[in-house]
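These numbers come from the heavy atoms of this one structure, side chains and all, not from hydrogens, waters or symmetry mates. Sequence lines set the chain letters: A, B, ... in the order given, protein chains first and strands last, and positions in each chain run from 1.
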Number of protein chains: 2
Amino acid sequence: MPHDTHCNGSRFSVDCPSRLLFDQVADKWSMMIMTVLNGGGTRFNDLKRRLEGVSQKSLSMTLKRLERNGIIARTVVASTPPGVLYEMTPLGLTLLPPFQAIYLWANSNMDAVEAARVAYDKDHSES
Amino acid sequence: MPHDTHCNGSRFSVDCPSRLLFDQVADKWSMMIMTVLNGGGTRFNDLKRRLEGVSQKSLSMTLKRLERNGIIARTVVASTPPGVLYEMTPLGLTLLPPFQAIYLWANSNMDAVEAARVAYDKDHSES
DNA sequence: CTGAATCCTGTCCGATACTG
DNA sequence: CAGTATCGGACAGGATTCAG
């Protein structure tokens with residue numbers, strides 16, 4: 001066993017696989033893209049409209065990375081007008097529940113987080 | 001109703017609360033810090049040793065942000081040698097399961113992801 | 001419509017040095 | 001031990017332009 005990645009919850013090696021994979025899918029655009037696509041496949045510009053503030057470049061790069069990792073599928077549709085369909089893969093669908101759990105956590109606990117921020121800022125602003 | 005954040009799964013406003021909160025906690029160091037602290041509170045340098053590759057600065061900033069958001073607690077301990085204890089808060093503990101779900105997903109599906117990468121690279125390298 | 005390519009600017013972050 | 005302060009390089013990513 002020449003290669004020990006030390007990835008056991010109490011220690012994280014630099015080449016820990018789950019760590020590397022996490023970085024590939026745990027950015028904010030990925031989360032939003034997956035959430036939108038969960039409601040059904042759609043096209044590039046429709047996706048761009050729904051993700052307020054994303055640039056063409058970032059969207060393009062993020063889609064490409066998700067496609068490469070097998071999370072989403074890209075299909076060219078020969079129609080009028082021509083389009084490209086993005087949709088979740090079966091593998092990608094299995095990743096969705098964990099992300100939605102975080103999404104729901106954020107919605108449920110934002111008040112507690114805001115209270116913590118106020119308390120923190122108060123403590124750290126006194127002379 | 002002057003303020004509509006459009007944060008309903010098919011559309012993401014720039015000021016969507018869950019989106020803003022996600023960015024605060026979904027970076028790679030935060031995930032690893034929370035995972036380590038889940039095994040019990042510990043000190044700064046011990047944390048630094050366990051998170052291979054993290055710089056003092058990044059660790060310090062990430063800890064501060066997590067503390068501000070109420071995820072972890074920082075306690076100065078008057079002992080010999082003097083130390084600082086970091087540990088999860090009750091609020092932070094509720095955030096852990098969703099993150100561990102992603103962590104477990106990464107461990108379980110890395111083979112499928114690797115296969116997808118190989119297929120993708122193969123398709124995109126042909127003349 | 002769906003991107004790719006270029007430029008360019010802000011920001012992250014590691015290295016280093018210093019403080020209590 | 002537990003950080004803060006400062007600098008500088010690398011890189012992300014927005015605006016714009018061009019192509020298929």
Output yes when B:R65 and B:D23 qualify as a salt bridge under the 4.0 Å nitrogen-oxygen rule, no when they do not.
no
What's the NE2-C1' distance between A:H124 and D:dG3, to the nearest Å?
13 Å
Tell me whether the OP1 or OP2 atom of C:dG3 has a side-chain N or O from A:Y86 closer than 4.0 Å.
yes
Taking atom P of D:dT4 as reference, at what distance in whole Å does atom CZ of B:F44 sit?
8 Å
Electrostatic pair B:E67:B:K64 at N-O distance under 4.0 angstrom:
no
For A:D27 and A:S30, test the side chains for any donor-to-acceptor distance below 3.5 angstrom and give the result as yes or no.
yes
Can you tell me how far CD1 of B:I102 sits from CZ of A:F99, rounded to the nearest 0.5 angstrom?
4.0 Å
Please work out whether the ring planes of A:Y86 and A:F44 are parallel, tilted or perpendicular, with thresholds of 30° and 60°.
tilted
Side chain of B:K57 only, please: which of D:dG3, C:dT2, C:dG14 is the nearest?
C:dG14
B:S58 side-chain N/O to C:dC12 phosphate OP1/OP2 under 4.0 Å:
no
Ion pair B:R50/B:D46, N-O distance below 4.0 Å:
yes
As a quick check of understanding, evaluate side chain to side chain donor-acceptor pair (under 3.5 Å) for B:T94 and A:W105, giving each step before the final call.
CA-CA 8 Å; B:T94 67; A:W105 183 93; 2.8 Å; yes
With a 4.0 Å heavy-atom cut-off, tell me which residues in residues 59-78 of chain B come close to DNA chain D, sorted by residue number.
B:S60, B:K64, B:R74
Spacing between B:D27 atom CG and C:dT11 atom C1', to the nearest angstrom
15 Å
Separation of C:dA4 atom C1' from A:N45 atom CG, nearest Å, is 15 Å
In whole angstrom, what separates A:L85's CG from C:dC1's P?
16 Å
Candidates D:dG13, C:dG14, D:dC1 - which lies nearest the side chain of B:S55
C:dG14
Atom CD of B:Q56 and atom P of C:dG20: how far apart are they, to the nearest Å?
17 Å
Could you tell me the separation between the CG atom of A:D46 and the C1' atom of C:dG3, rounded to a whole number of Å?
16 Å
For atom CD of A:Q24 and atom C1' of D:dA12, their distance in whole Å:
14 Å
